Amino acid sequence: MKHLFNKGKDSTKPTLLMLHGTGGDELDLLPLAGMVDGEANVLSVRGNVLENGMPRFFRRLAEGVFDEEDLIFRTKELNEFLNEAAEQYEFDRDNIMAIGYSNGANIAASLLFHYQSALKGAILHHPMVPRRGVELPDLTGKSVFIAAGTNDPICPPTESTELQSLLEKANAEVTLHWENRGHQLTATEVDAASKWYSSL
Ligand code: MLT
């Protein structure tokens, strides 16, 4: 997958896996990585799917309606890419913290839904429930921060609480942070995510 890797100063820190929103690329969330942890490795990936020229991590049939077959395929592809990247760049495969926004948060949530060891944790900015009616792996020891907007037209509040409860039922530790805003990524939620990360 197209990506960039910046080696951090401190190899004991998690590797931050940056996953952009629809129409973004691997450069978009680099400032966010610096705000969360300036000493960690950063692996920033570009989604392999194009929707009218806009990169995404998996196909959708309509706004908010995911192509489930493609989601499953792309989630596996990303998980396998993480295995390869950990070998190539010599970082700890078991210590990856995903940071995703919107479509990037959705594929991060999908990694958690499908693979027990894909991630150590995740910061999900405005995620949706990636799939319903599936049994999640045991996520004991995984920490997840969800930032959601009370007026988010793409991810209604009930979807954020549903995601929280599905992850908690799988034994993940989940913090849900609310902004009185819409789907946008706000400075205050990034600040809250960064405080949460520092408290781990
Ligand atoms: C998605 O398709 O992943 C969500 O609707 C968020 C978006 O990218 O607009």
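Predicted model only: the values in this text are computed from it and were never measured. Just so you know, residue 1 is the first one in the sequence shown, and it goes up from there. Read the numbers this way: they start at 1 and go in the same order the structure lists the ligands and their atoms.
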Please name all residues satisfying salt bridge (Lys or Arg N to Asp or Glu O under 4.0 Å) with Lys7, sequence neighbours left out, ordered by chain then number.
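Listed in chain order: nothing, the list is empty.
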Whether Asn103 side chain and Arg56 backbone form a donor-acceptor pair below 3.5 Å
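No; judged by distance alone, with no hydrogens or angles, the pair does not exist.
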For His177, which residues count as a ring pair (Phe, Tyr, Trp, His ring centres under 6.0 Å) partner, sequence neighbours excluded?
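Partners of His177 by the ring pair (Phe, Tyr, Trp, His ring centres under 6.0 Å) criterion, ordered by chain and then number, come out as Phe145.
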Evaluate the ring planes of His126 and Tyr101, with Trp represented by its six-membered ring, and classify them as parallel (under 30°), tilted (30 to 60°) or perpendicular (over 60°).
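Geometry flag for Tyr101 against His126: perpendicular rings.
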Residue contacts for ligand 1, heavy atom to ligand atom, distance under 4.0 Å:
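Those residues closer than 4.0 Å to ligand 1 by some heavy atom are Thr22, Arg56, Phe58, Arg60, Glu63, Gly64, Phe66, Ser102, Asn103, Asn106, Met128, Ile154.
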Which ILVMFWY residues can you reach from Val65 by hopping between side chains whose heavy atoms are under 4.5 Å apart?
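Leu61, which link up through side-chain heavy atoms under 4.5 Å apart, make up the rest of the cluster.
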For the residue pair Thr22 / Glu51, report whether a side-chain donor-acceptor contact shorter than 3.5 Å exists.
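Absent: no donor and acceptor within the cut-off.
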